[in-house]
Number of protein chains: 2
Amino acid sequence: MPSDLGHALLGLLARRPSTGYELARRMQRPVGFFWTAGHSQVYPELARLEDDGLVEHDEVPGRGPLPTKRYRPTAAGLDALRTWVVADLAPQPVRDLEVLRLWSLWVVEPEAAAGLVERVRAGHAERLAAYEADLASLAGDPAALEPDSPAFASRLTLEGGRLTRRAALEWCDLMLAELRRPR
Amino acid sequence: MPSDLGHALLGLLARRPSTGYELARRMQRPVGFFWTAGHSQVYPELARLEDDGLVEHDEVPGRGPLPTKRYRPTAAGLDALRTWVVADLAPQPVRDLEVLRLWSLWVVEPEAAAGLVERVRAGHAERLAAYEADLASLAGDPAALEPDSPAFASRLTLEGGRLTRRAALEWCDLMLAELRRPR
DNA sequence: TTCGGCATGTAACGGGTTACATGATTGA
DNA sequence: TCAATCATGTAACCCGTTACATGCCGAA
């Protein structure tokens with residue numbers, strides 16, 4: 001049974017066959033919005049998936065010094081993906097370095113703290129803009145309304161990003177108001 | 001210069017001197033809401049911080065087979081914490097296994113997908129309840145209004161958790177509505 | 001001609017999780 | 001008496017990041 005990364009790659013390949021290089025780029029965006037991997041992770045994982053009979057490849061003309069391989073999921077690979085998607089999921093530990101810092105912001109002067117919050121806010125605003133751009137490009141696609149279409153799932157995840165980033169902006173504004181309240 | 005974990009420990013010790021064991025427990029909650037660490041990480045990291053002169057300890061009576069050590073930050077440790085809190089922060093890659101699954105939810109039947117979303121929703125609801133419980137216990141504390149008090153920073157981070165989890169619940173409800181819309 | 005993109009892989013390192021190891025005290 | 005809690009540490013393993021290594025093609 002593959003790792004989380006393996007399932008991430010199966011999810012990408014279920015949408016569209018790709019080379020390792022393409023998968024590594026697709027892991028930056030849009031999948032990189034919630035999961036990332038470099039190419040040095042992708043190539044060994046593809047080999048493992050192939051050993052397990054979950055993906056297969058053919059060689060296509062390419063521009064690298066080594067043969068260019070295009071991968072696609074096998075029937076067993078799609079089964080594994082379907083099983084994993086709805087499998088029991090242990091509560092995920094959260095790991096958020098920004099919040100970790102904000103938790104200690106009482107040790108610095110309010111003005112310095114406000115500066116930090118401004119920068120955090122800018123990061124959320126940037127991410128929100130990216131989500132909305134991707135959502136806009138899906139807006140005209142009728143497939144985005146069909147639950148068995150990849151565009152549908154893409155739309156829902158982007159919608160989630162939008163809602164949570166908006167909440168984060170609201171939170172930053174709340175912090176700024178408190179930090180700058182005259183005293 | 002210490003790792004992120006080291007700064008997390010300094011942040012805890014700045015609030016209250018503790019033994020390694022206590023730090024490991026405090027890393028489960030409330031700090032565990034956004035950063036976690038097991039005791040097997042804590043003990044070596046404390047030794048490193050002490051080598052760097054950022055924390056110091058004295059031995060107190062305890063119940064373990066080895067001497068019980070109570071740690072507190074040194075002046076240099078508090079300086080390091082202050083510097084780190086407002087230091088430049090690279091945009092953080094997000095790693096969210098739940099969203100990764102939802103991104104592939106188009107491969108399963110809508111009813112099964114809705115079941116997954118229900119479970120995700122329950123997790124958010126549970127976390128939200130924890131935030132609100134902690135917020136309630138801070139409600140009467142006048143220190144929670146003073147920007148140089150730990151309670152102030154605790155309140156703001158909990159407020160952030162509340163806002164983002166509420167947004168997540170809203171999102172889950174949106175997904176459920178779409179998955180169950182008659183077709 | 002030089003830089004960026006295509007294209008594949010390996011190796012070293014660091015951090016996190018899980019398991020191993022020990023042992024006293026307190027409460028059910 | 002048995003389990004949980006206090007209390008400290010080490011070791012093995014897995015995963016992710018960064019760096020190493022190679023080399024062609026097209027555009028500026």
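Reminder, nothing fancy here: chain letters follow the sequence lines and each chain counts from 1. These figures come from a predicted structure and were not determined experimentally.
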Using the C1' atoms of the five pairs at each end, what is the angle between the end axes of the helix from dT1(C)-dA28(D) to dA28(C)-dT1(D), to 10°? 30°
Do side-chain atoms of Arg119(A) reach the backbone of Val86(B) as a donor and acceptor pair under 3.5 angstrom? yes
Any side-chain N or O of Arg95(A) below 4.0 angstrom from OP1/OP2 of dG16(C)? yes
May I have the distance from Trp35(A) (atom CH2) to dT17(D) (atom C1'), rounded to whole angstrom? 14 Å
Just distance, no hydrogens or angles: give the donor-acceptor pairs under 3.5 Å from side chains in residues 4-13 of chain A, sequence neighbours left out.
{"unit_1": "His7(A)", "atom_1": "ND1", "unit_2": "Ser3(A)", "atom_2": "O", "d": "3.1"}

Atom-to-atom span, CG of Asp4(A) to P of dC14(D) - whole angstrom: 15 Å
Tell me which residues in residues 6-21 of chain A put a heavy atom below 4.0 Å from DNA chain D, sorted by number, or none. none
With a cutoff of under 4.5 Å between side-chain heavy atoms, which Ile, Leu, Val, Met, Phe, Trp and Tyr residues group with Leu128(A)? Leu169(A)
Could you list the donor-acceptor pairs under 3.5 angstrom formed by side chains in residues 158-168 of chain B, with sequence neighbours left out?
{"unit_1": "Glu159(B)", "atom_1": "OE2", "unit_2": "Arg162(B)", "atom_2": "NE", "d": "3.4"}
{"unit_1": "Glu159(B)", "atom_1": "OE2", "unit_2": "Arg162(B)", "atom_2": "NH2", "d": "2.6"}
{"unit_1": "Thr164(B)", "atom_1": "OG1", "unit_2": "Gly160(B)", "atom_2": "O", "d": "3.0"}
{"unit_1": "Thr164(B)", "atom_1": "OG1", "unit_2": "Gly161(B)", "atom_2": "O", "d": "3.2"}
{"unit_1": "Arg165(B)", "atom_1": "NH1", "unit_2": "His124(B)", "atom_2": "ND1", "d": "3.0"}
{"unit_1": "Arg166(B)", "atom_1": "NH2", "unit_2": "Glu132(B)", "atom_2": "OE2", "d": "3.2"}

Listing time: all N or O pairs from protein to nucleotides 18-22 of chain C that are below 3.5 Å?
{"unit_1": "dT18(C)", "atom_1": "O4", "unit_2": "Ser40(B)", "atom_2": "OG", "d": "2.5"}

For DNA chain C, which residues of residues 42-53 of chain B approach it to below 4.0 angstrom with any heavy atom? none
Where do Gly20(A) and Leu46(A) come nearest, in terms of heavy atoms and distance? CA-CD1, 3.7 Å
Side-chain atoms of residues 38-45 of chain B: list all donor-acceptor pairs with protein atoms under 3.5 Å, sequence neighbours left out, distances to 0.1 Å.
{"unit_1": "Gln41(B)", "atom_1": "OE1", "unit_2": "Gly38(B)", "atom_2": "N", "d": "3.4"}
{"unit_1": "Tyr43(B)", "atom_1": "OH", "unit_2": "Tyr21(B)", "atom_2": "N", "d": "3.4"}
{"unit_1": "Glu45(B)", "atom_1": "OE1", "unit_2": "Arg48(B)", "atom_2": "NH1", "d": "2.5"}

Check this for me: does any side-chain nitrogen of one of Asp58(B) and Arg72(B) sit under 4.0 Å from a carboxylate oxygen of the other? yes
To the nearest Å, give me how far apart CZ (Arg26(B)) and C1' (dT5(D)) are. 18 Å
Looking at the side chain of Leu5(A), which of dG16(D), dA7(D), dC15(D) is the nearest nucleotide? dG16(D)
Apart from Val60(A) itself, what residues make up its hydrophobic cluster, given side-chain heavy atom links below 4.5 Å? none
Between the main-chain N or O of Pro150(A) and the side-chain N or O of Ser154(A), is there a donor-acceptor pair closer than 3.5 Å? yes
Please, which pairs that meet salt bridge (Lys or Arg N to Asp or Glu O under 4.0 Å) have at least one residue in residues 8-22 of chain A, sequence neighbours excluded? Glu22(A)-Arg70(A)
Answer yes when Arg121(B) and Asp173(B) have at least one side-chain N-carboxylate O distance shorter than 4.0 Å, and no when they do not. yes
Any chance you could lay out the salt bridge (charged side-chain N to carboxylate O under 4.0 Å, His left out) test for Arg180(A) and Glu111(A), step after step, and finish with the verdict? CA-CA 8 Å; Arg180(A) 287 173 173 159; Glu111(A) 313 95 75; over 6 Å; no
In whole angstroms, the gap separating P of dA7(D) from CZ of Arg25(B) amounts to 8 Å
Quick one: Glu59(B) CD to dC6(D) P, roughly how many Å, whole number? 20 Å
Measure the distance from CE on Met27(A) to P on dC15(D) and round it to the nearest whole Å. 14 Å
side-chain contact (heavy atoms from CB on, under 4.5 Å) involving Ala76(A) - partner list, sequence neighbours excluded: Leu54(A), Thr74(A)
Hits for side-chain contact (heavy atoms from CB on, under 4.5 Å) against Gln92(B), two or more places apart or cross-chain, chain-then-number order -> Leu97(A), Leu89(B)
Rounded to the nearest Å, what distance is computed from the CE atom of residue Met1(B) to the C1' atom of nucleotide dG15(C)? 18 Å
